[in-house]
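Taking it in order: structure first as structure tokens, then the write-up.
Each ligand, and each atom within it, is numbered from 1 in the order the structure gives. Since the structure is predicted, the reported quantities are computational estimates derived from the model, not experimental observations. Positions are given from 1, in the same order as the sequence printed here.
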Amino acid sequence: MCIYLIQFPEVQEKIHKEFDEVIGSDRMITLDDKNNLHYLNAVVAETQRYCNLVPVNVFHRVTKDTEIHGFQIPTDTIITHQVSSVLMDERYFPEPQKFKPERFLDKNGKFFQPSELMPFGIGKRACLGEGLARLELYLFAANMTNHFKLNYPSDIRDFGKRVIGGTVVPAPFLCKIENRF
Ligand code: HEM
């Protein structure tokens, strides 16, 4: 998310505008503020959609003969699904290659979360840590961005490079951090 805020400064500006209007100080932002920070929630959602944090999903075993779109999948086959195929599907997310938090705001500017946004998987084996992870993402994103403005370092080298493993992480990067208060 830090990298996207630097790469898309207009997004960072809109977050700061929302903080100035809704929070208005350097006080601790808590869960009580969550329902009032629509744009911030939209940026967190778009970050999860856009970054595809879990590039290869967890393996599952088919427990009975199954047919999906005409393909026969016998019992005990090991399968994995790709959440990213939904997150990058233009039927649900027009212009999927663009970072657009506004896709998660309704016409009144209120945050909404469509069922197709499924970075934690779906169904019985979806992420067990989803609730905790959502709270952490919100609290970190809110307090970090309220306090600081992020910018490119003066010497930009390989900025924003993705390192793909079990999860995707950014290659170590430098950035310039300014206090907002
Ligand atoms: C941004 C953070 C996270 C993301 C995007 C994420 C995403 C995922 C995904 C996509 C799966 C596979 C779901 C499936 O196979 O359908 C998964 C499984 C799982 N996650 Fe997470 N996860 C996150 C954080 C966490 C945290 C913080 C915990 C624990 C505190 C956690 C615990 C688990 C466990 C135990 C499973 C296996 C569930 C099962 O197979 O029944 N995850 N996660």
Side-chain angles (χ1 to χ4, degrees), residues 1-8 11-12 15 18 28-31 33-35 37-69 71-93 96-105 111-148 150 159-173 175:
M1 180 173 173
C2 296
I3 286 175
Y4 299 151
L5 293 180
I6 293 169
Q7 286 177 329
F8 308 113
V11 169
Q12 193 173 179
I15 290 186
E18 183 173 69
M28 178 79 80
I29 298 177
T30 68
L31 289 180
D33 300 303
K34 194 168 189 296
N35 290 340
L37 294 170
H38 297 283
Y39 192 72
L40 176 84
N41 283 305
V43 172
V44 173
E46 179 66 342
T47 299
Q48 285 208 276
R49 186 197 70 79
Y50 191 78
C51 78
N52 187 21
L53 184 73
V54 188
V56 178
N57 286 119
V58 178
F59 293 104
H60 294 284
R61 179 173 61 87
V62 177
T63 54
K64 61 178 183 194
D65 289 352
T66 306
E67 183 185 323
I68 300 177
H69 291 301
F71 291 96
Q72 305 298 327
I73 305 180
T75 309
D76 288 339
T77 306
I78 302 296
I79 58 161
T80 182
H81 54 304
Q82 291 303 111
V83 168
S84 57
S85 65
V86 181
L87 301 182
M88 284 289 160
D89 189 325
E90 62 188 355
R91 286 174 296 176
Y92 312 120
F93 303 106
Q97 301 297 341
K98 288 197 177 157
F99 189 83
K100 288 203 307 191
E102 285 75 10
R103 66 174 86 246
F104 298 115
L105 297 177
F111 173 65
F112 72 97
Q113 202 160 291
S115 56
E116 291 82 9
L117 180 66
M118 48 174 80
F120 296 98
I122 192 167
K124 283 186 183 169
R125 301 303 298 270
C127 177
L128 269 182
E130 176 170 351
L132 175 67
R134 280 193 190 284
L135 297 185
E136 286 177 341
L137 286 171
Y138 159 74
L139 288 171
F140 172 77
N143 285 291
M144 192 266 301
T145 47
N146 188 38
H147 275 266
F148 303 115
L150 307 182
F159 191 84
K161 207 165 154 192
R162 290 163 66 88
V163 180
I164 299 181
T167 56
V168 174
V169 292
F173 65 98
C175 68

>> Regarding ligand 1, does R125 bring an N or O atom to under 3.5 Å of one of the ligand's N or O atoms?
In response: yes
> Counting from 1, what ligand 1 atoms have a heavy atom of H60 closer than 4.0 Å?
Replying inline: 14 (C), 15 (O), 16 (O)
>> Please determine whether any non-hydrogen atom of E136 lies less than 4.0 Å from an atom of ligand 1.
In response: no
> Identify the closest protein heavy atom to atom 32 (C) of ligand 1: which residue and atom is it, and at what distance?
Replying inline: G129 N, 3.6 Å
> Of all the non-hydrogen atoms in the protein, which one sits nearest to atom 20 (N) of ligand 1, and at what distance?
Replying inline: C127 SG, 3.1 Å
> Within the distance-only criterion (no hydrogens, no angle test), does the side chain of N146 pair as donor or acceptor with the backbone N or O of N143 below 3.5 angstrom?
Replying inline: no
> Below 4.0 Å from any atom of ligand 1, is there a heavy atom belonging to H81?
Replying inline: yes
> With a cut-off of 4.0 Å, which atoms of ligand 1 are near a heavy atom of V58?
Replying inline: 12 (C), 15 (O)
>> By the definition ring pair (Phe, Tyr, Trp, His ring centres under 6.0 Å), identify the one residue from F104, Y50, F93 that meets it with F99.
In response: Y50
> Quick one: which of N57, L132, L53 has a heavy atom closest to atom 10 (C) of ligand 1?
Replying inline: N57
> Between the main-chain N or O of P101 and the side-chain N or O of R49, is there a donor-acceptor pair closer than 3.5 Å?
Replying inline: no
> Would you say atom 13 (C) of ligand 1 has a protein heavy atom nearer than 4.0 Å?
Replying inline: yes
> Is a side-chain N or O of T167 found less than 3.5 angstrom from the main chain of L53, in a donor-acceptor match?
Replying inline: no
>> Give me the atom names and distance for the closest heavy-atom approach of F159 to I6.
In response: CZ-CD1, 3.6 Å
> Taking atom CE of M118 and atom CD of Q48, what is their separation to the nearest 0.5 Å?
Replying inline: 13.0 Å
> Can you tell me if T75 uses its side chain to pair, donor with acceptor, with the backbone of D65 under 3.5 Å?
Replying inline: yes
> Of G123, P55, C51, P119, which has the heavy atom at the shortest distance from atom 7 (C) of ligand 1?
Replying inline: P119
>> Using a 4.0 Å cutoff against the non-hydrogen atoms of A133, which atoms of ligand 1 qualify?
In response: 2 (C), 24 (C)
